[in-house]
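Letters A, B, ... mirror the listed sequences (proteins, then strands); counts begin at 1.
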Protein chains: 2
Amino acid sequence: MKLTEAEWQIMKALWAKHPATAREVMDRLPAGVKWAYTTIKTMLTRLVEKQAVSEAKQGNISVYDPLISQRGARLSAFRSLLETAFDGAMGPLVHFLVEEEQLTPKQKQELARLAQSQAQPKGERP
Amino acid sequence: MKLTEAEWQIMKALWAKHPATAREVMDRLPAGVKWAYTTIKTMLTRLVEKQAVSEAKQGNISVYDPLISQRGARLSAFRSLLETAFDGAMGPLVHFLVEEEQLTPKQKQELARLAQSQAQPKGERP
DNA sequence: GCCATACTACTACATATGTAGAAGCCGTTC
DNA sequence: GAACGGCTTCTACATATGTAGTAGTATGGC
């Protein structure tokens, strides 16, 4: 499920609160995003077509719900980046991440800590 | 410098060997990619317009060179993903990376190792 | 009952992206 | 010197994406 930039904005608003009406989505868009109400409707309609969002009518009002999770969306966005920009392999990305800046020392530490705890699970969990 | 999927293919071929003619680029595209020669030319022209690639004439033949590095392209693709899908923060991405699968245990170990070596620089640098 | 709202469906349109054909120019080969 | 093959520039066109207007319809307030 590949989302476009604009679709991400809508989805984020929906994930933040759902089910939600188009108007509610509108109210939750980041301050910078100033779209016409009908633009939001268009995006929502497209997302419904894509089956990223469900639409239910309450009376004549549409109420939307995400059908894909943020995690799922992140996963596919991430995989897509990995494919096109990093030869589809984690190796180059890990290298890039750690070597080529990006991380503050603190984040590096956290990363190291997390990675380690994952790499060597002591009392593993079912 | 935002590259599209197709443009990435071209750039990868160019990074692999450059300067290169359109035909050389064509020969270096991944096996799966079967584009008409003129398609490659179109992509190259667009990349030149975008200033991602330079074009020099040798006689009547165009020879292309990347103007942006793979590293640079990766960086901006990465940042773009971070922006749209991970709230622009490394935190969520690091969490995602480590928690939400993706890494083999081996990679996690490597990541931990790399991250640690970076996180605790002994003779630090200004 | 009538009006102002708010909502919906449909249509529109510019720009971006993927993909390629057509036509013309030039050097190599008989 | 005519034909062939390769290169170039232009043009084309479908689909995707971003963004929104218009017109019709239902609803709550007075």
Side-chain angles (χ1 to χ4, degrees), chain A residues 1-14 18-65 73 76-77 80-81 83-85, chain B residues 1-14 18-65 73 76-77 80-81 83-85:
Chain A
M1 182 63 51
K2 184 89 171 164
L3 300 174
T4 70
E5 292 283 320
E7 286 168 349
W8 265 95
Q9 298 300 141
I10 303 285
M11 291 306 295
K12 282 187 212 171
L14 253 194
H18 64 93
T21 64
R23 185 133 325 255
E24 287 169 329
V25 166
M26 189 170 186
D27 293 340
R28 275 171 188 283
L29 289 178
V33 184
K34 298 235 177 300
W35 289 331
Y37 177 82
T38 51
T39 298
I40 313 226
K41 283 291 284 185
T42 301
M43 299 307 302
L44 282 167
T45 300
R46 288 183 186 169
L47 284 165
V48 169
E49 279 162 14
K50 276 191 169 184
Q51 309 199 55
V53 163
S54 73
E55 177 173 16
K57 292 281 186 145
Q58 301 206 335
N60 75 326
I61 293 180
S62 287
V63 178
Y64 301 91
D65 249 301
S76 79
S80 170
L81 175 75
E83 262 327 300
T84 75
Chain B
M1 181 64 51
K2 184 90 170 161
L3 301 174
T4 70
E5 291 283 320
E7 286 169 349
W8 266 95
Q9 299 299 142
I10 303 286
M11 290 306 294
K12 282 187 212 172
L14 253 195
H18 62 95
T21 63
R23 180 123 341 241
E24 287 169 329
V25 166
M26 189 170 185
D27 293 341
R28 275 173 189 281
L29 288 177
V33 183
K34 300 232 176 301
W35 290 331
Y37 178 81
T38 50
T39 299
I40 316 238
K41 283 292 283 184
T42 301
M43 299 307 300
L44 282 166
T45 300
R46 288 182 186 169
L47 284 165
V48 169
E49 278 161 14
K50 276 189 170 186
Q51 309 200 57
V53 164
S54 72
E55 177 173 15
K57 291 282 188 147
Q58 301 206 333
N60 77 323
I61 294 181
S62 286
V63 178
Y64 301 92
D65 250 302
S76 79
S80 170
L81 175 75
E83 262 328 299
T84 75

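- Note: A:Ile61 CD1 to A:Arg23 CZ = 10.0 Å, rounded to the nearest 0.5 Å.
- Of the residues in residues 19-28 of chain A, A:Arg23 come within less than 4.0 Å of DNA chain C through at least one heavy atom, sorted by number.
- Taken to the nearest 0.5 Å, the CD atom of B:Glu24 stands 13.0 Å off from the CE atom of B:Met26.
- Rounded to a whole Å, the CD1 atom of A:Ile40 is 17 Å from the C1' atom of C:dA9.
- Heavy-atom distances under 4.0 Å link DNA chain D to B:Lys57, B:Asn60, B:Ile61, B:Ser62 of residues 53-64 of chain B, given in residue order.
- Taking CG of A:Leu3 as the reference point, atom CE of A:Met43 lies at 9.0 Å (rounded to 0.5 Å).
- Side-chain nitrogen and oxygen atoms of A:Tyr37 include none within less than 4.0 Å of the OP1 or OP2 phosphate oxygen of D:dG21.
- For B:Lys41 and D:dT8, the shortest distance from a side-chain N or O to OP1 or OP2 is below 4.0 Å.
- Checked against side chain to side chain donor-acceptor pair (under 3.5 Å), A:Glu55 has the following partners two or more places apart in sequence or in another chain: A:Ser62, A:Tyr64.
- With values rounded to the nearest 0.5 angstrom, A:Ile40 atom CD1 is found 11.5 Å from A:Thr45 atom OG1.
- Of the inter-residue distances, the one linking B:Leu44 atom CG with B:Ser54 atom OG reads 10.5 Å to the nearest 0.5 angstrom.
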One character per nucleotide, please: for nucleotides 13-18 of chain C, 5' to 3', B when the base has a protein heavy atom closer than 4.0 Å, S when only the sugar-phosphate does, - otherwise.
----BB
Show every donor-acceptor pair shorter than 3.5 Å between a side-chain atom in residues 5-13 of chain B and any protein atom, with sequence neighbours excluded, or say none if there are none.
unit_1  : atom_1 : unit_2  : atom_2 : d
B:Glu7  : OE1    : B:Thr4  : N      : 2.9
B:Glu7  : OE1    : B:Lys50 : NZ     : 2.6
B:Glu7  : OE2    : B:Lys50 : NZ     : 3.3
B:Lys12 : NZ     : A:Thr84 : O      : 3.0

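- Remark: A:Lys2 pairs with A:Ser80 by the side chain to side chain donor-acceptor pair (under 3.5 Å) rule, at least two apart or across chains.
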